[in-house]
Amino acid sequence: MLRLLDTATGVAVPPAERAGARVGLYVCGATVYGPPHIGHGRFALVYDVLRRYLARSGYDVRHVSNITDVDDKVIDRAAAEGRDWREVAEEAEEQWWAAMDAMGVLRPHEVPHATDYVEEMVSLVAELVRLGVAYETSDGVYLACDAVEGYGTLAHQSLDSLRSGARAVVGEEKRSPLDFAVWKKAKPGEPTWPSPFGPGRPGWHTECVVMSLSLLGEGFELHGGGLDLVFPHHENERAQAVALGRPFARHWVHNGLVVVGGEKMSKSLGNYTELKTLLDAYDPRAYRLLVLRSYYRSPLEVGPSTLGDAAAALQRVDELARRLEAVRPRQDTVPRGWDAPGGQSRPAAVFPAAQSLRGRFVEAMDDDLGTPRALAEVLGAVREANRLLDAGEATGALALGDVALELLGVLGIEPAGVEAPPATIVELAGRRESARRAGDYDAADRLRDELAAQGWKVDDLPDGPRLHR
RNA sequence: GGCGGCGUGGCCGAGUGGUUGAGGCAAGGGCCUGCAAAGCCCUGUACCCGGGUUCGAUUCCCGGCGCCGCCUCCA
């Protein structure tokens with residue numbers, strides 16, 4: 001059974017679930033004011049794998065991830081570029097999904113936009129004021145943190161220590177430096193919505209409360225996001241729900257940040273690489289592999305060296321997939337699958353190593369999403385399957401190799417498709433092979449160079465040449 | 001100042017109170033091979049420093065050093 005570390009308690013426990021094994025997963029998504037960077041890529045991959053594995057484990061997952069399409073940053077960028085803020089948000093959201101698609105990240109089941117929930121947010125703010133936990137000032141409405149029981153739970157700090165460490169300047173009207181805006185009164189030129197407190201827009205921490213509760217219900221199971229959101233964002237989300245007396249997330253999951261040269265990558269530090277840049281330069285699967293190779297909560301160093309490593313490792317996986325296809329019996333049309341029906345005669349069923357591989361994989365994953373060990377098991381099996389192939393044991397190789405590939409699929413990594421070379425390439429390769437057989441190696445090597453110039457490599461395998469990209 | 005985390009071979013990165021340190025990449029040697037590529041096999045003797053607990057610590061405890069994150073927008 002999958003156990004996940006809960007940020008609030010520091011203990012790894014199985015996710016809570018509702019009737020029908022339903023699990024709601026809310027992940028704080030993108031603020032769309034610019035192209036996503038590598039850090040966003042990691043975060044998306046982590047929750048994509050969590051969602052896939054939850055489903056694989058038998059949960060009925062509902063994955064919700066928001067788009068923050070109105071926010072200071074969106075407004076600032078629009079102002080700086082003299083554009084409409086909606087246009088900025090839409091453009092950035094397109095870039096977001098393009099990158100997600102390139103990485104093979106499954107779309108969340110729901111993608112709520114903040115701007116579609118403003119009315120509900122206004123109601124929430126009004127309710128907070130009515131309850132006396134939020135107060136109005138000249139520039140907005142603030143939540144009084146002292147009024148919230150257990151404020152600091154996620155930060156693991158007391159109200160006092162948080163207060164003493166606060167760097168925020170106490171405004172004239174703000175009662176405590178920790179108090180945060182749930183409603184921002186409009187300044188000239190900003191987008192506004194009507195409210196009992198005058199025109200304005202919701203504070204950032206409010207939207208996730210409204211959208212998660214509205215789409216997943218009270219006491220939903222999992223709430224995730226980057227480690228840098230723990231405080232204050234998630235703390236403040238929780239504070240609002242607590243203040244309202246509404247059961248909120250029951251379990252908090254946070255992913256570690258991407259670091260560059262030991263320092264956190266972030267837009268504000270300016271040391272970021274756009275995700276698209278990485279995805280254009282490397283096989284997108286290499287980034288997924290790199291991310292999964294480390295524990296999801298740890299900082300992760302991303303750079304040309306580590307990406308190159310991952311890309312190289314992937315080639316061995318692709319090679320295995322190609323080799324397996326070459327030895328796969330024609331009539332064997334049983335698809336790869338976790339629980340292929342009627343699989344009595346399937347090789348995997350009679351090949352113990354393949355079965356135990358599944359067990360070790362699940363064991364690793366169940367231990368707080370242990371993708372590093374899970375991956376190690378799978379890659380070890382890839383090597384073993386290749387070895388069996390070398391030894392001519394095709395049946396065993398298929399049994400083990402198919403399971404390895406299937407498990408990689410659980411992690412969202414599919415072997416590269418076998419691309420059929422065009423006729424001109426096949427013809428060139430044929431001429432080269434003839435030259436080789438005739439012992440004319442100079443000609444053969446020239447032809448190989450020609451093939452290379454057209455982007456094709458040729459490997460002389462024991463059973464004949466093979467073309468691939 | 002408060003809170004949290006990290007320090008493992010050439011690099012990345014798991015993990016563990018004790019005979020044989022996952023996995024990946026790189027490197028060297030080998031099998032195969034016209035060559036190359038691919039694949040496979042072999043090779044590495046690590047755990048920041050100082051104490052303590054223990055029969056035994058890289059793993060637990062204390063202290064130190066170094067690095068990082070959060071306490072402000074941030075995945």
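Chain letters run A, B, ... following the sequence lines, proteins first and then strands; every chain starts at 1.
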Colleague: List the steps, then state whether side chain to side chain donor-acceptor pair (under 3.5 Å) holds for A/N255 with A/R42.
Modeller: CA-CA 8 Å; A/N255 62 278; A/R42 178 187 192 187; over 6 Å; no
Colleague: Determine the interatomic distance between P on B/rU45 and the same-named atom on B/rC11; round to the nearest Å.
Modeller: 15 Å
Colleague: For A/Y287, give me all partners under ring-ring contact (aromatic ring centres under 6.0 Å, His included), at least two apart in sequence or on another chain.
Modeller: none
Colleague: What one-letter contact string describes nucleotides 31-37 of chain B from 5' to 3', where B marks a base within less than 4.0 Å of any protein heavy atom, S marks contact via sugar-phosphate atoms alone, and - marks no contact?
Modeller: ---BBBB
Colleague: How is A/Y295 classified with respect to the nucleic acid when contacts are heavy atoms under 4.0 Å: base, sugar-phosphate, or nothing?
Modeller: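 The residue A/Y295 makes sugar-phosphate contact but no base contact.
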Colleague: What's the NZ-P distance between A/K73 and B/rA75, to the nearest Å?
Modeller: 7 Å
Colleague: Could you tell me whether A/V259 contacts a base, only the sugar-phosphate backbone, or nothing, with contacts defined as non-hydrogen atoms closer than 4.0 Å?
Modeller: nothing
Colleague: List in numerical order all residues of residues 95-106 of chain A for which some heavy atom is under 4.0 Å away from an atom belonging to RNA chain B.
Modeller: none
Colleague: Any N/O pairs under 3.5 Å between the protein and nucleotides 25-29 of chain B? List them or say none.
Modeller:
from, atom 1, to, atom 2, distance (Å)
B/rC25, OP1, A/R316, NH1, 3.4
B/rC25, O2', A/D309, OD1, 2.6

Colleague: Please classify the nucleic acid contact of A/S158 as base, sugar-phosphate, or nothing, using heavy-atom distances under 4.0 Å.
Modeller: nothing
Colleague: Answer yes or no: does atom CD of A/E427 have more than 12 heavy-atom neighbours from other residues, nucleotides or ligands under 6.0 Å?
Modeller: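 Counting other residues, nucleotides and ligands, CD of A/E427 exceeds 12 neighbours.
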Colleague: Just jot down the side-chain hydrogen bond (donor to acceptor under 3.5 Å, both in side chains) partners of A/H468, sequence neighbours excluded, or say none.
Modeller: A/D459
Colleague: Going by salt bridge (charged side-chain N to carboxylate O under 4.0 Å, His left out), name the pairs with one or both residues in residues 307-317 of chain A, residues two or more places apart or in two chains.
Modeller: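 Every pair satisfying salt bridge (charged side-chain N to carboxylate O under 4.0 Å, His left out) with a residue in residues 307-317 of chain A: there are none.
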Colleague: Once ring-ring contact (aromatic ring centres under 6.0 Å, His included) is applied, do any residues pair with A/Y295, and if so which ones, sequence neighbours excluded?
Modeller: none
Colleague: If the C1' atom of B/rU59 is compared with that of B/rA14, how far apart are they to the nearest Å?
Modeller: 14 Å
Colleague: Between B/rC40 and A/N386, is there an OP1 or OP2 to side-chain N/O distance shorter than 4.0 Å?
Modeller: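 Result: yes.
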Colleague: Just jot down the side-chain hydrogen bond (donor to acceptor under 3.5 Å, both in side chains) partners of A/Q157, sequence neighbours excluded, or say none.
Modeller: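 Once residues adjacent in sequence are excluded, the partners of A/Q157 under the side-chain hydrogen bond (donor to acceptor under 3.5 Å, both in side chains) criterion are A/S161.
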Colleague: Reckon A/D390 touches a base, only the sugar-phosphate, or nothing at all at heavy-atom distances under 4.0 Å?
Modeller: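 If one applies the 4.0 Å heavy-atom cut-off, A/D390 turns out to touch a base.
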Colleague: When we call it a touch if two heavy atoms are under 4.0 Å apart, what does A/E301 touch: a base, just sugar-phosphate, or nothing?
Modeller: sugar-phosphate
Colleague: I need the residues from residues 25-34 of chain A with at least one non-hydrogen atom less than 4.0 Å from RNA chain B; give them sorted by number, or say none.
Modeller: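 RNA chain B contact set from residues 25-34 of chain A: A/G29, A/T31.
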Colleague: If you pin A/E384 and A/L375 to their nearest nucleotides in RNA chain B, which one's is more 5'?
Modeller: A/L375
Colleague: Could you list the residues that satisfy salt bridge (Lys or Arg N to Asp or Glu O under 4.0 Å) with A/R288, not counting sequence neighbours?
Modeller: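 In terms of salt bridge (Lys or Arg N to Asp or Glu O under 4.0 Å), with neighbours along the sequence ignored, A/R288 is linked to A/D48.
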Colleague: Reckon A/S164 touches a base, only the sugar-phosphate, or nothing at all at heavy-atom distances under 4.0 Å?
Modeller: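 Contact class for A/S164: none.
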Colleague: For residues 105-115 of chain A, which side-chain donor-acceptor pairs fall under 3.5 Å, sequence neighbours excluded?
Modeller:
from, atom 1, to, atom 2, distance (Å)
A/H109, ND1, A/H63, N, 2.8
A/H109, NE2, A/R51, NH2, 3.0
A/E110, OE2, A/R62, NH2, 2.6
A/H113, ND1, A/V111, O, 3.1
A/H113, NE2, A/E93, OE1, 2.8
A/H113, NE2, A/E93, OE2, 3.0
A/T115, OG1, A/D69, OD1, 3.4
A/T115, OG1, A/D69, OD2, 2.6

Colleague: Considering only atom C1', compute the distance from B/rG18 to B/rG23 and round it to an integer number of Å.
Modeller: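 One C1' to the other, the span is 24 Å.
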Colleague: Quantified in whole Å, what is the C1' atom distance between nucleotide B/rU54 and nucleotide B/rU58?
Modeller: 15 Å
Colleague: Categorize A/G380 for me: base, sugar-phosphate, or nothing, with a 4.0 angstrom heavy-atom threshold over every strand shown.
Modeller: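 Nothing, no heavy atom under 4.0 Å.
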Colleague: Which is more 5' along RNA chain B, the nucleotide nearest A/D367 or the one nearest A/L379? Just name the residue.
Modeller: A/D367
Colleague: With A/N236, which residues qualify under side-chain hydrogen bond (donor to acceptor under 3.5 Å, both in side chains), at least two apart?
Modeller: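 By the side-chain hydrogen bond (donor to acceptor under 3.5 Å, both in side chains) rule, A/N236 matches A/Y151, A/H205.
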Colleague: Under 4.0 Å, heavy atoms only, any strand: does A/H37 hit a base, just the sugar-phosphate, or nothing?
Modeller: base
Colleague: Regarding A/R42, tell me which of base, sugar-phosphate or nothing describes its non-hydrogen contacts under 4.0 Å with the strands shown.
Modeller: nothing
